[in-house]
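Encoded as structure tokens, the structure appears first; notes follow it.
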Amino acid sequence: MAINFPPILAKIILRFNPFVRLKVMCRGYSEDLENFTELVWEDDKYLDFGDRETYPQFQLWHI
């Protein structure tokens with residue numbers, strides 16, 4: 001199941017996500033505009049979540 005949501009919410013969920021089965025995914029990460037990439041807080045905390053041109057879509061995935 002995937003849910004689209006705003007970038008600011010993506011950052012908050014990524015930072016405080018206590019659930020292992022919820023994944024914050026980003027389309028456009030590493031210039032990959034076709035696929036979604038999982039974000040990890042320690043690696044991606046400085047990502048510009050407000051840059052909609054570079055990171056056009058965020059989703060929350062339940063696996």
Side-chain angles (χ1 to χ4, degrees):
M1 177 173 77
I3 301 170
N4 290 320
F5 58 100
I8 189 67
L9 189 55
K11 186 173 186 175
I12 292 169
I13 291 173
L14 186 62
R15 173 67 177 102
F16 297 107
N17 183 7
F19 307 106
V20 176
R21 298 184 61 116
L22 292 178
K23 305 293 183 195
V24 176
M25 308 297 284
C26 176
R27 187 169 57 87
Y29 192 84
S30 297
E31 300 179 10
D32 185 358
L33 295 174
E34 293 183 24
N35 300 303
F36 282 87
T37 303
E38 179 184 357
L39 300 179
V40 178
W41 179 252
E42 289 304 315
D43 297 336
D44 302 312
K45 60 185 165 190
Y46 299 114
L47 187 78
D48 185 3
F49 286 83
D51 184 359
R52 290 205 176 236
E53 184 175 319
T54 306
Y55 310 108
Q57 188 176 12
F58 291 92
Q59 289 187 346
L60 186 62
W61 288 12
H62 179 266
I63 54 171

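What you see is a predicted model; the values in this text were computed from it and never measured. The basis for the numbers below is simple: all heavy atoms, side chains too, and nothing from hydrogens, waters or symmetry mates.
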Could I get the full list of side chain to side chain contact (heavy atoms under 4.5 Å, CB included) partners for Asn4, not counting sequence neighbours?
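In terms of side chain to side chain contact (heavy atoms under 4.5 Å, CB included), with neighbours along the sequence ignored, Asn4 is linked to Gln57, Gln59.
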Linking I/L/V/M/F/W/Y whenever their side-chain heavy atoms sit closer than 4.5 Å, directly or via other members, would Leu9 and Leu60 fall into one cluster?
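As far as the 4.5 Å side-chain criterion goes, Leu60 and Leu9 are connected within one cluster.
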Under 4.5 Å between side-chain heavy atoms, hopping through other hydrophobics if needed: is there a path connecting Val24 to Val40?
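No, it is not one cluster - the side chains of Val24 and Val40 are not joined through contacts under 4.5 Å.
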Which residues, ordered by chain and number, are linked to [X] in its hydrophobic cluster, where ILVMFWY side chains connect at heavy-atom gaps below 4.5 Å, directly or through other members?
X: Phe36; result: Met25, Trp61
X: Tyr46; result: none
X: Ile63; result: none

Glu53: salt bridge (charged side-chain N to carboxylate O under 4.0 Å, His left out) partners, not counting sequence neighbours:
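Salt bridge (charged side-chain N to carboxylate O under 4.0 Å, His left out) list for Glu53, sorted by chain: empty.
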Run the salt bridge (charged side-chain N to carboxylate O under 4.0 Å, His left out) test against Lys11 and tell me which residues pass, sequence neighbours left out.
none
Heavy-atom pair with the smallest gap, counting every atom of Gly28 and Pro56
CA-CD, 4.2 Å
Please give me the minimum heavy-atom distance between Asp44 and Leu39, naming the atom from each residue.
OD2-CA, 3.2 Å
Could you note down all residue pairs passing ring-ring contact (aromatic ring centres under 6.0 Å, His included) where residues 3-24 supplies at least one of them, sequence neighbours left out?
none
Which is it for Asp48 and Thr54 under the side-chain contact (heavy atoms from CB on, under 4.5 Å) test, yes or no, and what are the steps along the way?
CA-CA 9 Å; Asp48 185 3; Thr54 306; over 6 Å; no
Applying ring pair (Phe, Tyr, Trp, His ring centres under 6.0 Å), can you list everything that pairs with Phe49, at least two apart in sequence or on another chain?
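Per chain and number, Phe49 pairs via ring pair (Phe, Tyr, Trp, His ring centres under 6.0 Å) with Phe58.
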Partner set under side-chain hydrogen bond (donor to acceptor under 3.5 Å, both in side chains) for [X], not counting sequence neighbours:
X: Thr37; answer: none
X: Tyr55; answer: none
X: Asn35; answer: Asp32

Going from CD1 on Ile3 to CG on Leu22, what distance comes out if it is rounded to the nearest 0.5 angstrom?
8.5 Å
Atom CG in Leu47, atom SG in Cys26: separation rounded to 0.5 Å?
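One finds 6.0 Å between CG of Leu47 and SG of Cys26.
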Indicate yes or no for a side-chain donor-acceptor contact from Asn17 to the backbone of Ile13 under 3.5 Å, with no hydrogens or angles considered.
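Not a single qualifying donor-acceptor pair exists.
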For residues 14-29, pull every pair meeting salt bridge (Lys or Arg N to Asp or Glu O under 4.0 Å), keeping only residues two or more places apart or in separate chains.
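Salt bridge (Lys or Arg N to Asp or Glu O under 4.0 Å) check on residues 14-29 returns Lys23-Glu38.
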